[in-house]
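In what follows, chains carry the letters A, B, and so on, assigned in the order in which the sequence lines appear, proteins first and then strands, with residues in each chain numbered from 1.
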Amino acid sequence: MNVSQMAIRSLDAFARMSIGRAFASGIGIVAGGFLILLVLVAIFAPWIAPFDYAAQNLLNANASPGWPHLLGTDEFGRDVLSRVIFGARTSLSVSATAIAISMAAGMTLGAAAGYFGGVFERAVMTVVDLTWSFPDILIALIFVAIIGPGLTSTTFAIAIAYLAQFTRLTRAQIVRLKRETFIEATINLGAKPSHILLRHLMPNAIAPVIVVGMLAIGDGIVLEATLGFFGLGAQPPTPSWGAMMSSGTAQLFLSPWVIIFPGVAVAVTVIAVNLFGDELIRALDIRDRLRGA
Amino acid sequence: MILRYTFMRLLMLIPVSFSISVVIFMIVYLLPGDPIDNLLRVGSSAEDRAELVARYGLDRNLIVQYFVWIGNMFRGEFGEAIVLRRPVADLVAQNLPYSLTLGGLAFLFSSTVGMALGTISAVVRHPVLDRFMRGFILLGSTVPGFWLALLLILFFSVNLGWFPVSGAGGWTSLVLPVLTIGFGGVALVARVTRVALLDAQREDFVTLLHAKGLSSGTILLRHLMPHALLPVVTILALRIGWILGGAVTVEFVFGRPGLGSLLIRALGQRDYPVVQACLLMLALAVMLGTLIGDVAQASMDPRIREKKT
Amino acid sequence: MPNLLEVRDLSKRFSSGGGPFRKARSMHAVNGVSFDLPEGRVIGVVGESGCGKSTLARLILRLIEPSSGAVAFDGDDLLAKTPAQMRKLRARMQMVFQDPYSAIDPRYTLTRAVAEPFEVQGVKPARPMAEEVAELLEMVGLNPGLASSYPHQISGGQKQRVGIARALALRPSLLVLDEPTASLDVSVQAQIIGLLEDLRTELGLTYLFISHDLSLVKYFCDEILVMYLGRVVEALPDTAAPARHPYTRTLMESTFEPDPKKRRLIAPLEGEVPSPFDLPPGCAFADRCPQASALCRTETPALSSETGHAVACHHPL
Amino acid sequence: MLSVRDLGVAFGAVEPLSGVSFSVDKGETIGIVGESGSGKSLTAMSVMGLLPLIGGRITGGTIVFDGQDLTKLPERAYRKLRGGKIGLITQNPMTSLDPLKKIGPQVDDVARLHLGMNANEARARTEEILGTLRIPEPALICDRYPHQMSGGMKQRIVIAMALAADPDVLIADEPTTALDVTVQAQIIRLLDDLVKQRDLALVLITHDMSVVAQTCDKVVVMYAGRAVEYGPVEAIFDRPRHPYTQALIACIPRGLDDTARLTGIEGTVPTVINYPKGCPFHPRCPRAEAICATDPPTFSVEGDSAAACHFAEVAHAQPA
């Protein structure tokens, strides 16, 4: 069973109920609704965006927000709103892909470390603890510096920056679960290690990991934006929230909207992700399990 | 007891620093292309190349090379910057004080304000204050630092003209960078303090403290705070590395000199001796941070003191 | 009756620490335990925390690998089994655990939890699974209507009943009961004990009952093993037998009668169970024993029996 | 000395405790016995005035100590009583001491606070009390941290803290539940001696009927937040009139000298959210009739004891 199958399987009645409950609160509805809307916007960007994101019009450069350019234009006269809409595509897909990779790798590593223990666990955790104490931006920067700028390296850089988090969390869950009586009881029924790992340990460990993954997508968006801001992420003319702000710094005084709106997009998205994640944590009642990991 | 613990903890740093230095050393070899080219400026002559090879023993095997390199590092010889054409040690020495000032002030700001806010919100438990705190913490931990920096510049420097837009002249140039870094830090520290205090309040022994007839104030100051400080100290210690390394973006936006901006420029220019030196310094800061955190924790908690020694 | 279980000189030594900066310590959690459990009988193992009674239960079921000794189940040497053989054999020797609250996977419905033994062993019950599950739930006194509930929806006593149903699903002959009622309320404890008694007669089970509660053990068991710091210090052949080991006597005197007219002046034993790490030579109880002599501090008394009542003491009562 | 009348406690809209009454005199031990969720620990918290700490409040009744009603006492005055005149012993000695502070200062606090002693006097007093509790080498113990000591020793420290200011009343909430039997016997003996030597009034909260039988003079049996029966210990054990008390006694295994079979009480212990209407015990009661499900029973008094059961008059004719 691969990770995504496992994730789907873990969404059994129990978890579905919880996600429903996350939507039950006012904050949950607003935050969750916004996120769904954002995903739709990203998917249908070509139909929603009023202008071509790459169309330059130097005659209309640095136009203030108004009609027809609702959020103004940048120094090449490109429509900021259209670029923000297409930027959602880049930011969301890069972050989500990166976190999915990070989660899959982290869960495998963490589960193996937690389940097998011993020297293997100690080796993995030493490396993981070490990277964990370094700022994520630094880890991502070094990685991008090594393999060069671009969206692919940004994706992997984000994945590596959050690998430690998922490994630690998964391992902590597995170690905690291994001590539960039902694991010993199932072993005593004559269960094979694979049954213990796939039917009990992983399904029970996965909920907090998925929630943290969801929260990490928010962090990933910020990290992608930061790398983009340094000019290390999306390369022109691909629109990304970070890259837009990077090219906008020069025009900070002239046309602040070029910076403000992509930033607002990042901030609002990340806040929505956090609020919804918080509701999920509450609905799943796993706050205690996220402590100390 | 605490001395013994510190000594043990220092011993444990040896393998850690060894592995970090190996990783940093290996960077030039992991890069695409010839490692020697990575250390030479473009258009260097064959003599330059031969000299470099001789100096670092680059013709010998990796293990020997590592020891030559680390030996140089210990003597403070970080090599020659490729692009800036100056000794790397000079560059580091020039930039480090800026990083330390900014980092130190941001650290002080975020720890004092964060702990105060966290304590107030845990003790007062007023719904409006609660909502405000949660909003603040959410903003502080989600808004990207560089964007906040840009907004602050736009508002305070451009519109109000209170502080300089960039540079590192005088104390006014420190206000906005410290605020930017501090904002996230304050939110984080406040959250940890709040959670830790609320947790401590739920401990069994607190009931008995009240049953002894102690006042709530005494219990808070003498018993709850020390407990709440344990996780706060861990976070603060981690922050030391984060503030020095994570200041990259803020230094960059405000155009301040410092390790972070040195690193980012060196990365952009592929100036690897500088990159290695910066990373080594930052790693040192991170390790020092965790060391200080662990020792501080041990000095507060007798259980940790005994476990490790 | 033939012996269902024969335990010989079973020992488990744990060592801890031994890091670069720490002195390694070792602990004899279980030390040379031997006994026979005849089919259909109930043997109780009683002792205070840290005496090794729970470890003993796990050693017998090979949930923990013993350091030395032998366990024969139905004449079969358990320690010679391969992991695959052992898994197969587990169907016949089951355990009920102390903490019912975490004894069922929180994501499993009761049906799935009770059907799991069949799934794990690859056994198809004679009847349709739903019927089998309902029958098992009924057997342990649970309403089959609860079958689709999750563990968090039922009480601690009900969870323990599910634990018993799971253990009995594969019709084992041996049931190891590790403090099955220690975390339950008294009124519920009595229910579970009553249920276990009924099941024993109904299904002809053999029990090994682990508990810290001497009065419960006396009520429930045919024979009693008293453990102290990893060793069996006394083996009472029946529950009415008078204590011969000073520790057993203390244990009996520390257990109150639920009758205000039988109040007694407690002459409490000084001190507490010492740390099981790196025990000094001699009898482990010597430091707290009023009868202790110089001999007790140098030589460990062996468990010796006259007339079937074994005691490990140089100066038995 | 201490007299509780008709005590009621609420957390928001939930009322986990109502109509609890008992009184205890100097040199006397009263047992409050019940299963989990019966409200016995809440009773202790109420008397200590610590309910606000866990978010609860007293909704009715009086707690009279030394002639004053504690429910109307301002917090500042209450603080003088806590640890001064009323001492508390909690359930789990493993977690009831501050792990970051040495033993000495933790006990010293009490004498400094309530007896106005300075640091040296307080330490001398601490060592003296530790000595009377048969703790070897008190001076050495004062310099230790809690985690360096065994459970029984920690419980003695907790008792020392409760005794340091020479209180009149001691409230012990399951003082031996977390301890091994031989250590439990030590602690029970210790409490017994203290009551006699110091003329203390002891409120012993426990789930263990055997402990009650061994130590108490009077008993209050609690079920689902209500007192269901109270009286002198002999009367309760000899002629229990409430079906719950009868069943509770029948739940104790007595070994071979009793041939009665252990059956337990049908059903499960109710929790605060599903306290039954009428008589709280009726869903599990073998004797319940229609009236039990609707009308809460009142106490039927007989001599010094009383049982809250509609059929208390006939109940004792057929003992458990």
Side-chain angles (χ1 to χ4, degrees), chain C residues 46-51 141 154-158 181 183-198 211-220 238-240 247 250-275 288, chain D residues 33-38 134 136 150-153 178-190 192 207-217 219 232-238 244 247-258 261-271 284:
Chain C
V46 71
E48 295 179 278
S49 55
C51 74
I154 61 177
S155 72
Q158 289 172 323
T181 62
S183 35
L184 301 172
D185 271 315
V186 249
S187 68
V188 182
Q189 156 171 317
Q191 288 174 8
I192 298 291
I193 292 295
L195 171 69
L196 287 169
E197 283 185 304
D198 292 344
S211 177
H212 69 280
D213 186 341
L214 187 60
S215 49
L216 193 59
V217 170
K218 273 187 159 186
Y219 170 79
F220 191 69
D238 60 86
T239 54
Y247 176 67
T250 312
L251 216 52
M252 287 182 174
E253 283 175 356
S254 302
T255 311
F256 307 133
E257 289 286 325
D259 185 345
K261 284 186 295 253
K262 291 192 189 155
R263 238 176 239 198
R264 50 176 159 249
L265 189 65
I266 315 158
L269 182 66
E270 285 306 320
E272 285 175 48
V273 183
S275 155
R288 303 171 72 194
Chain D
V33 68
E35 295 180 275
S36 62
S38 63
R134 292 198 290 273
S150 68
M153 199 57 94
L179 303 173
D180 274 325
V181 268
T182 56
V183 185
Q184 155 164 313
Q186 295 169 14
I187 299 290
I188 291 290
R189 168 72 190 269
L190 194 61
D192 245 3
H207 68 279
D208 190 338
M209 284 299 257
S210 310
V211 169
V212 172
Q214 168 71 24
T215 54
C216 299
D217 304 305
V219 191
V233 67
E234 293 84 9
I236 296 288
F237 278 89
D238 281 355
Y244 177 64
L248 205 54
I249 294 172
C251 282
I252 310 169
R254 299 177 198 218
L256 277 183
D257 46 306
D258 194 332
R261 222 178 131 278
L262 218 50
T263 49
I265 309 173
E266 282 292 303
T268 52
V269 182
T271 55
R284 302 175 72 189

* Top contributor to chain C contacts, counting heavy-atom pairs under 4.5 Å, from D:G151, D:C216, D:G37 -> D:C216
Looking at every non-hydrogen atom in both residues, tell me the closest pair between [X] and [Y] and how far apart they are.
| X | Y | result |
| --- | --- | --- |
| D:E35 | C:V188 | OE2-N, 4.3 Å |
| D:A185 | C:F256 | CA-CZ, 4.2 Å |
| C:P260 | D:V233 | CG-O, 3.9 Å |

* **Trace of the side chain to side chain contact (heavy atoms under 4.5 Å, CB included) decision for C:L251 with D:V181** => CA-CA 7 Å; C:L251 216 52; D:V181 268; 3.7 Å; yes
* **Results of side-chain contact (heavy atoms from CB on, under 4.5 Å) for C:D259 - residues two or more places apart only** => C:K261, C:K262
* Results of side-chain contact (heavy atoms from CB on, under 4.5 Å) for D:P136 - residues two or more places apart only -> D:M153
* Structure fact -> Honestly, the part of C:S49 sitting under 4.5 Å from a heavy atom of chain D is both
* Counting only heavy atoms closer than 4.5 Å, note whether C:L216 contacts chain D via side chain, backbone, both or neither. => both
* To do: Step by step, work out the side chain to side chain contact (heavy atoms under 4.5 Å, CB included) result for D:V269 and C:S187.
  => CA-CA 8 Å; D:V269 182; C:S187 68; 4.1 Å; yes
* Asked: In Å, rounded to the nearest 0.5 Å, how long is the span from CZ of D:R189 to OG of C:S254?
  -> 12.0 Å
* To do: Output the distance between atom CD (C:E48) and atom CD (D:Q184), rounded to the nearest 0.5 Å.
  => 10.5 Å
* Identify which part of D:V212 has an atom lying under 4.5 Å from any heavy atom of chain C, answering side chain, backbone, both or neither. => backbone
* **C:Q158 versus D:T268, side-chain donor and acceptor atoms under 3.5 Å** => no
* To do: Heavy atoms only, distances under 4.5 angstrom: which of C:R263, C:E197, C:E253 has the most pairs with chain D? Name it, please.
  => C:R263
* For each of C:G141, C:P258, C:G157, tally heavy-atom pairs with chain D at distances under 4.5 Å, and name the one with the top tally. => C:P258
* **Backbone of D:G267 reached by a side-chain donor or acceptor of C:Q191 within 3.5 Å** => yes
